Amino acid sequence: MSTPTHTSAPAPAGVLNLHGLSVDGVNQCVHCGLCLAYCPTFSELGTEMDSPRGRIFTIKSLAEGRMSLTDSVAQHLSLCLDCRACETVCPAGVPYGRLIEAAKVEIERQQPGALPRRLFRWLNFGLLLGHPRLLRLAAAGARLYQTSGLQQLVRRSGLVKLLPGTLPAWEALLPSVPSKAERTPPPRTTLADGPRRARVAMLTGCIQAVVFGAHNRATARVLARNGCDVLVPEGQRCCGALNAHGGDHARALAMARQTIDAFEAVAADFVIVNVSGCGAHMKAYGHLLADDPAYAERAKRFAATVRDLAEFLAQEPLRGPLQPVTMTCTYHDPCHVVHGQKIKSEPRRLLAQIPGLRLVELPESDWCCGSAGIYNLTQPEMATRLLHRKVGHVLETSAEAVVTANPGCILQIQAGLGAHQSPVRVLHLVEILDRAYGGGE
Ligand code: SF4
Ligand code: SF4
């Protein structure tokens, strides 16, 4: 088995430069096909080009210059969810997530699209995600749009359909922005309740901070009840996960460096993350910044301290007393928790400790719901197919709530259940834990 090596020279047009991986990483695939049955896009389409094995072959052919990056080839690669289910089952250890992210960087470099698309990407990846103040302003604007009645008017009048490109899909999926009070961040410091277990620093995130501020405040409370001094580092911004998944490599690097700077300043024992995509991405900073002499070692050290919230809490029994939460729940595994971080039993072990809570298993609980970062906006057709599949399974369980751990999954599954007029709620794991501690605001 060959070791991935680093490449940096720009590839000729049409040839794939695997940013950070040589073609050797691709050669680890032994074409056994074990991954095929676990790949959502292969399951839906049944085509080899839309399977992990087919995509690896495509990436290898592109990197070796034996295939050109035509629109059709780019579409087969872009249709990949980057869910990494194939990585979990691969006996040969193919670093599939890194390969597809490298491929997406090259697709963006070689096929940046027309001016409106490039402007839209810059607005989101370059401006809003990198500047929390601007993101907060945009959230306030979106709140006004939603509460003033303008959104209803735009939707009813059909004006939204006149928007270019994927903008109508973006508008349809615009999350409901809570009031300013509900967007309040957690305190800079929350002291441990009882004997101190650790000093932790919390990522508050970008979209998470403006749409699910309540989850962040609940996270601080639950960690404090479990013996943590909880710090919220000033100067933290987006971790860069959305940029990396969207093929915006240069900004993803800058955001990773900035995140490391902000968290190093508080010198915590662990960095706690309640958003699955961010946690998986931050654990990969060591690889991402391996070629940066100023950050390579710091990135490795930083990555070793990152913990998903459930992963951290499940290391010890939850500290009591815990109040009953009488409810039947099912659990949806976010891809970047279960495949990206290999965390499966931990959230279930936490839920099992809550009195009154009954957990029923969700069929295909570890299959992508179609959210996948911004996938539901860029590939709405496949995202909708996968969402219908997920919602069908949820309804089979007769659970009152779906518990999960990622804002994208929450919004996506909520939208799917809403389309079925289902009363089933979608909750973040930390909301249940907080309720068991008598939290809530
Ligand atoms: S990451 Fe997911 S969608 Fe992409 S090839 Fe692997 S299993 Fe299929
Ligand atoms: S399971 Fe791994 S080695 Fe086998 S075809 Fe899939 S990626 Fe290749």
Side-chain angles (χ1 to χ4, degrees), residues 1-4 16 18 21-64 72-107 241-242 244-247 276-277 280-281 284 332-342 344 364-390 406 408-409 412:
M1 194 179 295
S2 25
T3 311
L16 210 67
L18 290 176
L21 275 181
S22 78
V23 78
D24 290 350
V26 191
N27 285 339
Q28 287 176 223
C29 177
V30 295
H31 316 294
C32 64
L34 277 176
C35 52
L36 268 61
Y38 299 87
C39 172
T41 56
F42 180 73
S43 167
E44 288 292 324
L45 302 172
T47 40
E48 180 72 13
M49 289 281 274
D50 297 302
S51 77
R53 185 176 60 188
R55 292 189 177 115
I56 290 165
F57 180 79
T58 302
I59 291 171
K60 178 177 160 71
S61 305
L62 286 166
E64 292 174 347
S72 152
V73 169
Q75 173 59 8
H76 286 296
L77 293 175
S78 300
L79 208 51
C80 171
L81 296 144
D82 194 6
C83 70
R84 296 168 65 181
C86 47
E87 228 181 78
T88 298
V89 295
C90 175
V94 174
Y96 183 83
R98 302 212 302 264
L99 288 174
I100 194 68
E101 278 182 16
K104 287 187 177 180
V105 170
E106 274 302 287
I107 293 172
L242 283 173
H245 300 159
S276 63
H281 182 63
H332 160 70
D333 293 279
C335 303
H336 285 254
V337 172
V338 67
H339 303 304
Q341 301 179 64
K342 313 295 179 228
K344 183 148 180 131
E364 294 186 349
S365 67
D366 57 357
W367 278 56
C368 184
C369 62
S371 167
I374 56 167
Y375 186 92
N376 51 2
L377 303 168
T378 57
Q379 304 289 341
E381 197 191 321
M382 178 58 73
T384 304
R385 284 168 77 154
L386 296 173
L387 177 59
H388 283 159
R389 188 165 172 154
K390 180 64 67 182
N406 187 49
C409 305
Q412 175 83 341

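The first residue in the sequence is number 1, and the count goes up from there. Just so we're clear, the structure is a prediction, and the values are computed from it rather than from any experiment. Order of listing sets the numbers, starting from 1, for every ligand and every atom in it. Below, each value reflects all heavy atoms present in this structure, side chains not excepted, and no hydrogens, waters or symmetry copies.
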**Message:** Can you name the atoms of ligand 2, numbered from 1 with element, that are less than 4.0 Å from a heavy atom of Cys90?
**Reply:** 1 (S), 2 (Fe), 3 (S), 7 (S)
**Prompt:** What closest approach, in Å, do Ala383 and Asn376 show between heavy atoms, and which atom pair accounts for it?
**Reply:** CB-CA, 3.5 Å
**Request:** Kindly indicate, with the supporting measurements, whether the criterion side-chain contact (heavy atoms from CB on, under 4.5 Å) is fulfilled by Lys390 and Gln412.
**Result:** CA-CA 10 Å; Lys390 180 64 67 182; Gln412 175 83 341; over 6 Å; no
**Asked** Just which atoms of ligand 2 are under 4.0 Å from any heavy atom in Val30?
**Response** 3 (S), 8 (Fe)
**Prompt:** Within a reach of under 6.0 Å around OH of Tyr38, are more than 12 heavy atoms found that belong to other residues, nucleotides or ligands?
**Reply:** no
**Request:** Give a yes/no verdict on whether any heavy atom in Pro91 is under 4.0 Å from an atom of ligand 2.
**Result:** yes
**Request:** Evaluate the criterion side-chain contact (heavy atoms from CB on, under 4.5 Å) for residue pair Ile107 and Ser78; output intermediate values, then yes/no.
**Result:** CA-CA 8 Å; Ile107 293 172; Ser78 300; 4.0 Å; yes
**Fill in**
Closest to atom 4 (Fe) of ligand 1 among protein heavy atoms sits Cys80 SG, 2.4 Å
**Asked** What are the two closest non-hydrogen atoms of Leu386 and Cys368, and how far apart are they?
**Response** CB-O, 4.0 Å
**Request:** Number the atoms of ligand 1 from 1 as they appear, then name those within less than 4.0 Å of a heavy atom of Cys39, with their elements.
**Result:** 3 (S), 5 (S), 7 (S), 8 (Fe)
**Message:** Show me which atoms of ligand 1 lie under 4.0 Å from any heavy atom of Arg84.
**Reply:** 1 (S), 2 (Fe)
**Asked** Got an N, O or S from Cys83 under 2.8 Å of atom 2 (Fe) of ligand 1?
**Response** yes
**For the student: nearest non-hydrogen atoms of Cys409 and Ser371, plus distance** = N-OG, 3.9 Å
**Request:** For atom 6 (Fe) of ligand 2, grab the closest protein heavy atom and report residue, atom and distance to one decimal in Å.
**Result:** Cys35 SG, 2.3 Å
**Asked** Counting only heavy atoms, which portion of Phe42 has something under 4.0 Å from ligand 1: side chain, backbone, both, or neither?
**Response** neither
**Fill in**
atom 8 (Fe) of ligand 2 has as its nearest protein heavy atom Cys29 SG, 2.4 Å
**Asked** Just heavy atoms, cut-off under 4.0 Å: does Arg55 contact ligand 1 by side chain, backbone, both, or neither?
**Response** side chain
**Closest approach of any protein heavy atom to atom 3 (S) of ligand 1, naming residue and atom** = Leu81 N, 3.5 Å
**Request:** Could you check Met49, Arg55, Glu48 and say which one makes a side-chain contact (heavy atoms from CB on, under 4.5 Å) with Ser51?
**Result:** Glu48
**Request:** Kindly confirm whether atom 6 (Fe) of ligand 1 is within less than 2.8 Å of some N/O/S atom in Cys86?
**Result:** yes
**Prompt:** What do we get for Cys32 next to ligand 2 when only non-hydrogen atoms under 4.0 Å count, side chain, backbone, both or neither?
**Reply:** both
**Asked** Quick one: does Gly33 get a heavy atom under 4.0 Å from ligand 2?
**Response** yes
**Part of Asp82 within contact of ligand 1 (heavy atoms, under 4.0 Å)** = backbone
**Asked** Would His31 count as a contact for atom 8 (Fe) of ligand 2, in the sense that one of its N, O or S atoms lies under 2.8 Å from it?
**Response** no
**Asked** Given that the side chain starts at C-beta and the backbone is N, CA, C, O, which of these parts of Ile56 lies under 4.0 Å from ligand 2, counting heavy atoms, or is it both or neither?
**Response** side chain
**Asked** Given the rule in the side-chain contact (heavy atoms from CB on, under 4.5 Å) test, do Met382 and Leu79 qualify, once you have shown the distances and angles that lead to the verdict?
**Response** CA-CA 8 Å; Met382 178 58 73; Leu79 208 51; 4.1 Å; yes
**Request:** Tell me, with the steps shown, if Val338 and Thr88 meet side-chain contact (heavy atoms from CB on, under 4.5 Å).
**Result:** CA-CA 9 Å; Val338 67; Thr88 298; over 6 Å; no
